[in-house]
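Written out below as structure tokens is the structure these notes cover.
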Number of protein chains: 2
Amino acid sequence: MPLKLRGNPSRKTYSEVNMVTIKQVSEKAGVSSATVSRVINNTGTVKEKTRELVMAAMAELGYRHNVVAASLASNKTHTIGYVVPELHGSFFGAMMGGTEQALRQAKKHMLIATGHSDAQIEKEQIDALLSRRCDALILHVEAVSDEYLVNLVQQGVELVVVNRFIEEIGDNCISLDNVKGGYLASRHLLDIGHTQIAYIAGSLFKADGKNRLTGHQQALADMGVEYTDNLTYEGNFQAKSGTEGIRALVARGAKFTAVACANDEMASGAMIALRELGRRVPEDVSVIGFDNVDFASYLSPGLTTIDYPVQKIGSMAAHWVLERVYGHIRHEYQHILSPRLILRGTTSSPE
Amino acid sequence: MPLKLRGNPSRKTYSEVNMVTIKQVSEKAGVSSATVSRVINNTGTVKEKTRELVMAAMAELGYRHNVVAASLASNKTHTIGYVVPELHGSFFGAMMGGTEQALRQAKKHMLIATGHSDAQIEKEQIDALLSRRCDALILHVEAVSDEYLVNLVQQGVELVVVNRFIEEIGDNCISLDNVKGGYLASRHLLDIGHTQIAYIAGSLFKADGKNRLTGHQQALADMGVEYTDNLTYEGNFQAKSGTEGIRALVARGAKFTAVACANDEMASGAMIALRELGRRVPEDVSVIGFDNVDFASYLSPGLTTIDYPVQKIGSMAAHWVLERVYGHIRHEYQHILSPRLILRGTTSSPE
DNA sequence: GCTTCAATTGTAAGCGCTTTCATTTTTTAT
DNA sequence: ATAAAAAATGAAAGCGCTTACAATTGAAGC
């Protein structure tokens, strides 16, 4: 005997109302449900005539494919799980935008989750996405350990880690060459004649912060300028710490004609402090940022900075997935992307 | 006879490897699979003792719930489909962030799609999300007609339209009072003594653009200042059109001591043009924007503007869904949100 | 016309879970 | 102790689809 209807009978939701199945279509078209499935998925061989028959039946009944059922049966969800620290700000939107663009054409979708830079939450979210049987994961996670991620890969989880490099699973990583970026920034300053260059670093416990500083040091070394801790201030990637950095540097009597910052927010903060101190940018002090965030061009003068090709990283991640998980061919991707210098108005030769 | 294994046998994906089922758990625990399901979902009544037994079996086997199968059986996916025009920029990230925060606690997830302000694409995306059996949709769509959306609602699709108001389905809409925002901006300018106020409008074929201008006109009327087209320029919401707006206004001989812009980008553009013309902000000309985007506070002087509570709109949408679709109680939400004035440095009384 | 092989279609067994209903066990009241 | 009520559990029928395999049809070759 048949079961009763499920769900709350008092409110007809969309899914209860519109539930034309493949079975009904097959009956109306006078074929088997297997054939209907074949035309839906465009698999197997179907005679043009029957195909039209099925299409007509689907149209007439207003059939809508049930992807959930298909996923269960085929063990493929055509869904990519995406973990980012936060959704606000322009960085992750740009990255996801890059991914989405590439995935849309392949009819894949993204299931989004935020990790809040908290190991516990990051793990829970990864878990949830795995429970939802995502075909692959794209992870920008900051708190979880390298080991944890390596482990997932070894368990056979298809994942790509973005903006982070882990030796053991380098093949699953797509990241920016931050050392090179740091190098490019300071090298630019050196090239236009500066030798007294202050550096406002990002949090040094973060790989980005450390690597960018390393690049700065390499540039100095390459050009025969001695590096001194006295000209370096460790900020925390927030605008405010840029302001504080300048004040601290000046307070300790540091002399500089240029300041390189580990990101644009801090550069913006630094410019505020410089203005307060009556130092003009770029006439008295040149400033260079890092990331090339949206507002960099809105500052005045426009901020010279290092471009972080974040959208490209997002699309590389998509291509990785398309090739590795879905077997689409000719999807090329690189693992380490290069930053490049964006010249605007905050740098000029010292007087 | 049993079917053969499916999928590509050459590469063991995660899902092929780790496929402990509820059945196996039930056997190990010596209970039926129904009971296992009960403990997983915390439904029905399960004795504490058996519950522990099941938990232990799950832990030992490394069981992972298969949400896809559960969705098929229960006809609920715990997934919200989200359509936004684009992912880049900070606006939609902030909105989705607001939604995500509210949904995370309820263990719902978001499936993201972009509509690119193209009716065809928007429809396809809505369709795809429906095929994936999202329990509800949150839509910021710009190209699709009111009628189309009304129709969906009438078909029983659970959806909430954000940043757009449609009379017939007002209950499904969450939007900003743009007229009020426009009013607030110009009213502020009037209150501090300006009477010659230029207005750089957004695209007037868009509801936002039109409503904000209406607010501006109402403020003028309220304060007994006559409105004149000569002081209004229709831009397109891009920074450049703000620059062009000022130039055009000046070129046509318009006299003004303040300029209200329909968004922050145009305000930023306007400031650039003003600077070119040697007019100081705010000493010679006051400027006010609209939206309070991220970079508004980074400009110098900081941009006085109208706050668009976009994150709040995102969270309201989540609450709507939580209450209406999932029956969670005490999830309050408003349909029309109010903007408010953010005072920074670009406005002052005329000299 | 008859075989052979390829193209097309159908049959039916799952995919892993939820949920109704029936059954069994436990508790409570008398 | 015993009947009645409540709590806990189990059996099994789907949810709507995919897909291996079998069966059928059609075309080509001789």
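Here is the naming used below: chain letters follow the sequence lines, and residue numbers restart at 1 for every chain. Nothing here was measured: the structure is a model prediction, and the numbers come from that model.
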Identify, with sequence neighbours excluded, every residue that meets salt bridge (Lys or Arg N to Asp or Glu O under 4.0 Å) alongside [X].
X	result
D146(B)	R164(B)
K28(A)	E60(A)
D127(B)	R64(A)

Apply side chain to side chain donor-acceptor pair (under 3.5 Å) to [X] and list each qualifying residue two or more places apart in sequence or on a separate chain.
X	value
S71(B)	none
Q120(A)	E124(A)
R51(A)	none
R104(B)	H116(A)

Proximity to the side chain of A73(B) - top-ranked nucleotide from dG16(D), dT18(D), dC17(C)
dC17(C)

Find the bend of the helix from dG1(C)-dC30(D) to dT30(C)-dA1(D) as the angle between its two terminal axes (five pairs each), to the nearest 10°.
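For the helix from dG1(C)-dC30(D) to dT30(C)-dA1(D), the axes at opposite ends meet at about 30°.
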
For atom CE of M19(A) and atom C1' of dC15(D), their distance in whole Å:
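Taking CE of M19(A) and C1' of dC15(D), I get 9 Å after rounding.
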
Here the distance between atom C1' of dC15(C) and atom CD of Q24(B), to the nearest Å, is 13 Å

Here the residues of residues 26-39 of chain B within 4.0 Å heavy-atom distance, strictly under, of DNA chain C are A34(B), S37(B), R38(B)

Heavy-atom contacts under 4.0 Å between residues 42-58 of chain A and DNA chain C, which residues?
T45(A), V46(A), K47(A), T50(A)

Non-neighbouring partners of H65(B) that pass ring pair (Phe, Tyr, Trp, His ring centres under 6.0 Å), sequence neighbours left out
none

Identify every side-chain donor-acceptor pair in residues 39-48 of chain A under 3.5 Å, counting partners at least two apart or on other chains, and give the distances.
residue	atom	partner	partner atom	Å
N41(A)	ND2	S37(A)	O	2.9
N41(A)	ND2	S37(A)	OG	3.3

Between N41(B) and dT18(C), is there a side-chain N or O to OP1/OP2 distance below 4.0 Å?
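Affirmative; the distance criterion is met.
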
With a 4.0 Å cutoff (strictly under), does any side-chain N or O of N66(A) reach OP1 or OP2 of dC15(D)?
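So the side-chain polar atoms of N66(A) never come under 4.0 Å of the phosphate oxygens OP1 or OP2 of dC15(D).
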
May I have the step-by-step check of side-chain contact (heavy atoms from CB on, under 4.5 Å) for M110(A) and L103(A), ending in yes or no?
CA-CA 8 Å; M110(A) 309 189 313; L103(A) 292 182; 3.8 Å; yes

